[in-house]
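Everything below concerns the one structure shown next.
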Amino acid sequence: MVFPLEQLVSYKGNIYEVTVAASLRAYQMAKVNDPEIEANHDKVVCVAAKQLFTNKVSMRIDQKD
């Protein structure tokens with residue numbers, strides 16, 4: 001799997017937020033040994049980013065009061 005550059009380029013949101021979300025998702029997947037990682041040749045960040053861009057997972061930003 002290749003990093004989804006086309007989706008990254010066309011992304012209209014905050015690129016910092018989606019980068020942090022992909023990093024956190026990649027960490028979660030690595031901790032639980034998600035089988036999707038092995039199926040994609042251990043490219044955990046690419047898998048996490050693709051999940052975000054295809055809305056398989058979503059991100060939520062908690063606002064501090």
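What you see below is based on every heavy atom in this structure, not just the backbone, and it leaves out hydrogens, waters and symmetry mates.
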*Considering non-hydrogen atoms only, spot the tightest contact between Val44 and Ile37 and give its length.*
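Minimum heavy-atom separation between Val44 and Ile37: CG2-CD1, 3.6 Å.
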*Can you sort out the partners of Asn55 under side-chain hydrogen bond (donor to acceptor under 3.5 Å, both in side chains), two or more places apart, ordered by chain and number?*
none
*Mind checking side-chain contact (heavy atoms from CB on, under 4.5 Å) for Ser58 and listing every partner two or more places apart, or none if nothing turns up?*
none
*Is any side-chain N of the basic residue among Lys50 and Glu36 closer than 4.0 Å to the acidic one's carboxylate O?*
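So Lys50 does not pair with Glu36 through a salt bridge.
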*Should Val47 and Val32 be counted in the same cluster of Ile, Leu, Val, Met, Phe, Trp and Tyr side chains packed under 4.5 Å apart?*
no
*Do Val45 and Tyr16 share a hydrophobic cluster (ILVMFWY, side-chain heavy atoms under 4.5 Å, transitive)?*
no
What donor-acceptor contacts under 3.5 angstrom involve side-chain atoms of residues 20-28, with partners at least two apart or in another chain?
residue	atom	partner	partner atom	Å
Arg25	NE	Gln51	OE1	2.7
Arg25	NH1	Gln28	OE1	3.3
Arg25	NH2	Gln51	OE1	3.2

